[in-house]
Amino acid sequence: MLIDGGLKGTFTNPTFEQVRQRFEELQTSDPFVDLIGIGLPWAAGAFAENAALYARKKPSQPSVLQQYPAIPPQFKAPVRTTNEAALGYAFDETTSPPGLELIRVRAGQLAPSGNPRPWQNGEVTPIQRLAQTFATEPGNGIEWYFPKRLPLDVDGADQLERNKITDFLGLRPWHTAKVKLPLYAFETDLTGGKVLRGARRFIDASKIKRATLVADHNTSHLDPLTAAPGRNTFLRTVLPFLRDVLDRDRGRRSDH
C-alpha cells in the first residue's frame, strides 16, 4: 500500500554525488531534521502537540502559543486567534509555510471576523479531528525526532535496483521483479501526479497483476489520516480494495 508515497521517481532521483554529499554532511551534523529551523529538532513535535492540546481542551480561548516567542512568525496568523484557529493556520494548505507540504491538511480557513478570530471548518479535515490526531495519548500522530538518514536511504533506493548508490549506502533493493502482491496507491496534491506514475513504474518492474490506483488532488498529504470519514476518498477506496484481497484469500483457502 502506497499512501501518498512511493519510489521510481515519485519524489526524487538523486545522483551518486548528491547522495555522497548528504551522507558526509550527516557524519558531522545533528542526526535529526530541524523542521522549523530553530536548532531544536524536537521543537516542531512539541509545538504541534501543545497546539493540538490547547485546541482540544480550550478551543475558543485566545491562542497561548501565538504569543510564544520561540515559535517562528510564519506559523502565526496576522490577527489574534483562538487556540483552534492557531492550529488550523499552521497546518492548513493555504496558510502553512513553504517547505512543509508533508504536514499539511485541508481544514478550512480563519473566520472573517472575531477577536480572537475563530476557525471555520471546510474542505475535508475538521480542525477537531486534526487536534485529536496530534493530542491523543498514549501515542499520537506527532513525530518529535525524524532521522535524516531515513530520507537519504529512501532517496538512495529510488530505482529499486542494485546500483552504485545502493552499494554505497548498504541497501538491498534486489527483489522488485519477484513482487506479486496486489497494490493500492493513493495520491494527494503533494507530488503533482508522481505517486501514481511511480506506482505504474513499480507495477511494470514487478509481477503485480491487480492494482487500485486512486488520485484526489483536493486533499493534502495528511488528509488521508485526518479527513472526516464521509469526505475521505482514501477510506472510501482502500476498504473495497482490502475486502477484495481478503475475499480472494478466503476463496483460495476454501479451494484447498
Side-chain angles (χ1 to χ4, degrees), residues 4 29-137 139-148 151 188-192 217-228 231-232:
D4 213 27
S29 67
D30 193 302
F32 300 107
V33 173
D34 178 13
L35 188 63
I36 60 177
I38 64 172
L40 301 171
W42 51 266
F47 291 159
E49 186 166 349
N50 276 282
L53 282 167
Y54 278 115
R56 195 173 184 192
K57 300 296 184 181
K58 299 180 179 181
S60 300
Q61 293 191 12
S63 170
V64 175
L65 294 185
Q66 191 179 27
Q67 308 304 318
Y68 192 63
I71 297 179
Q74 61 265 31
F75 291 92
K76 301 175 182 179
V79 295
R80 189 166 177 254
T81 67
T82 65
N83 285 314
E84 271 191 348
L87 179 68
Y89 187 89
F91 283 89
D92 189 74
E93 182 267 340
T94 58
T95 50
S96 174
L100 298 181
E101 292 81 5
L102 290 175
I103 62 171
R104 288 179 180 165
V105 296
R106 296 192 178 214
Q109 60 188 353
L110 289 174
S113 62
N115 186 17
R117 195 77 58 90
W119 187 257
Q120 286 185 337
N121 279 329
E123 301 175 285
V124 297
T125 290
I127 195 63
Q128 294 80 13
R129 284 182 64 87
L130 181 65
Q132 181 181 13
T133 299
F134 286 169
T136 299
E137 293 291 356
N140 54 37
I142 298 293
E143 189 168 16
W144 283 33
Y145 293 93
F146 187 84
K148 293 179 182 177
T188 70
D189 64 355
L190 180 64
T191 62
H217 295 167
N218 292 316
T219 61
S220 291
H221 187 61
L222 288 188
D223 286 317
L225 176 66
T226 60
R231 300 179 181 179
N232 195 325

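One-based numbering along the sequence shown.
- Arg106 and Ser220 share a side-chain donor-acceptor pair at under 3.5 Å.
- Taking CD1 of Ile103 as the start and CD of Glu143 as the end, the distance is 11.5 Å to the nearest 0.5 Å.
- For the side-chain contact (heavy atoms from CB on, under 4.5 Å) criterion with His221, the lone passing option out of Leu102, Val105, Leu100 is Leu102.
- Within the 4.5 Å cutoff, no side-chain heavy atoms of Pro31 are placed close to those of Lys148.
- Between the side chain of Asn232 and the main chain of Pro224, a donor-acceptor pair closer than 3.5 Å is present.
- Side-chain N or O atoms of Asn83 include one that pairs as donor or acceptor with a backbone N or O of Val64 at under 3.5 Å.
- To the nearest 0.5 Å, the span separating CZ on Phe75 from OH on Tyr89 amounts to 11.0 Å.
- In this structure, Thr82 contributes its side chain and Pro118 its backbone to no donor-acceptor pair below 3.5 Å.
- With values rounded to the nearest 0.5 angstrom, Thr133 atom OG1 is found 5.0 Å from Leu225 atom CG.
- With hydrogens and angles ignored, the 3.5 Å screen pairs a side-chain donor or acceptor of Asn50 with a backbone N or O of Ala46.
- Put simply, the side chain of Lys76 gets close to the backbone of Tyr68: a donor and an acceptor are under 3.5 Å apart.
- To the nearest 0.5 Å, atom CD1 of residue Ile127 and atom CZ of residue Arg129 are 12.0 Å apart.
- In this structure, the separation between CD on Gln66 and OH on Tyr54 is 13.5 Å, given to the nearest 0.5 Å.
- For the pairing with Thr188, the side chain to side chain donor-acceptor pair (under 3.5 Å) check across Thr219, Asp223, Asp4, Asn218 returns one residue only, Asp4.
- Residues that satisfy the ring pair (Phe, Tyr, Trp, His ring centres under 6.0 Å) test with Phe134, not counting sequence neighbours, are Phe91.
- Gln128 and Glu84 form a side-chain donor-acceptor contact under 3.5 Å, judged by distance and modelled atom types alone.
- One N or O on the side chain of Glu123 and one on the backbone of Gly108 form a donor-acceptor pair closer than 3.5 Å.
- The distance from the CD atom of Glu93 to the CG atom of Leu222 is 12.5 Å, given to the nearest 0.5 Å.
- Using a 4.0 Å cut-off between a side-chain N of Lys or Arg and a carboxylate O of Asp or Glu, Asp189 and Arg104 do not qualify as a salt bridge.
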